[in-house]
Amino acid sequence: EVLKAAGVQHGVLVFEVEQDEPADRAGIRRGDLLVEAEGQPVFDPDAFMDMLVKKKPGDVVNLQVVRGTERMKVSVALTSRPAGLPGRNGLPEMLSGEVSRMQGPFTHVIHHDAVLKPSLMGGPVLDADGHCIGINIARADRTSTYAIAAHTAREIYAKLKAGK
């Protein structure tokens, strides 16, 4: 509906603009429709983010934005990504939330899709009967949490207890 109202066939709606960051300083506002980046049409947020992550601080990105019925050219001078802002690996990372610092490689893990914060690692993975089958060890992204099998955890515990 936003595309129809703006009279364009493609684009990405800007949902949020961080105050005093490059997009804000360039004049981009919430509700703007990003239709072109570096002379190429913008069809989806993930592709746009993938283009941005290839840039470095100091690069200028030329955009076309539609606000209401007005089409504007905007140049955004990029800076270093502020600490705490997601998006280093595109839209999936932005949507996934916080992830574990250690994400592998893990040789033998149970891969599941429970959404758990990294601070909650160490909790059990239960089967349908309530039996512990593993212990969560890392959250990699929106749909990837890793656990070690319960038998592996028992082996590790036994070695630690024995002082090995």
> List in chain and number order the residues that pass side-chain hydrogen bond (donor to acceptor under 3.5 Å, both in side chains) with D44, two or more places apart in sequence or in another chain; answer none if no residue qualifies.
none
> Sub-3.5 Å donor-acceptor pair from the side chain of T145 to the main-chain atoms of D113, do we have one?
no
> What are the two closest non-hydrogen atoms of M121 and A138, and how far apart are they?
SD-N, 3.1 Å
> Can you give each donor-acceptor pair under 3.5 Å made by side-chain atoms of residues 152-163, sequence neighbours left out, with the distance rounded to 0.1 Å?
none

> Restricting to ring pair (Phe, Tyr, Trp, His ring centres under 6.0 Å), what partner residues turn up for H112, sequence neighbours left out?
none
> Not counting sequence neighbours, which residues clear side-chain hydrogen bond (donor to acceptor under 3.5 Å, both in side chains) with N62? List them please.
S75
> How would you list all residue pairs meeting ring pair (Phe, Tyr, Trp, His ring centres under 6.0 Å) that involve residues 41-65, not counting sequence neighbours?
H10-F43
> Look up atom OG in S144 and atom CZ in R139, then write down how far apart they are to the nearest 0.5 Å.
9.0 Å
> Any idea which heavy atoms bring A26 and V76 closest together, and the distance?
CB-CG2, 3.7 Å
> Between V74 and I28, is there a side-chain heavy-atom distance shorter than 4.5 Å?
yes
> Find out whether Q64 and V42 are in side-chain contact, i.e. whether some heavy atom of one side chain is under 4.5 Å from a heavy atom of the other.
no
> Contact between R25 and T79 at the side-chain level, heavy atoms closer than 4.5 Å - yes or no?
yes
> List for me each residue that meets side-chain hydrogen bond (donor to acceptor under 3.5 Å, both in side chains) alongside R29, sequence neighbours excluded, and say none if there are none.
D24
> List, by chain and then residue number, the residues other than I110 in its hydrophobic cluster (Ile/Leu/Val/Met/Phe/Trp/Tyr, side-chain heavy atoms under 4.5 Å); write none if there are no others.
none
> Check side-chain contact (heavy atoms from CB on, under 4.5 Å) between V109 and all other residues, then give those that pass, not counting sequence neighbours.
F106, I137, Y146
> Under a 4.5 Å side-chain heavy-atom rule over Ile, Leu, Val, Met, Phe, Trp and Tyr, are V12 and M72 clustered together?
yes
> Using side-chain contact (heavy atoms from CB on, under 4.5 Å) as the criterion, list what pairs up with A77, not counting sequence neighbours.
V60
> Can you check side chain to side chain contact (heavy atoms under 4.5 Å, CB included) on V61 and K55, steps first, answer last?
CA-CA 9 Å; V61 178; K55 303 290 184 182; 4.2 Å; yes
> For residues 119-139, pull every pair meeting ring pair (Phe, Tyr, Trp, His ring centres under 6.0 Å), keeping only residues two or more places apart or in separate chains.
none
> Applying salt bridge (charged side-chain N to carboxylate O under 4.0 Å, His left out), which residue pairs with at least one partner in residues 66-79 are found, sequence neighbours left out?
D32-R67
> At what distance, to the nearest 0.5 angstrom, does CD of Q40 lie from CG of L63?
12.5 Å
> Do you know which two heavy atoms are closest between A150 and C132, and how far apart they sit?
CB-O, 3.7 Å
> With clusters built from Ile, Leu, Val, Met, Phe, Trp and Tyr whose side-chain heavy atoms come within less than 4.5 Å, directly or transitively, what are the remaining members of the cluster of I133, listed by chain and number?
V125
> Among the clusters formed by ILVMFWY side chains lying less than 4.5 Å apart, do L13 and V35 turn up in the same one?
yes
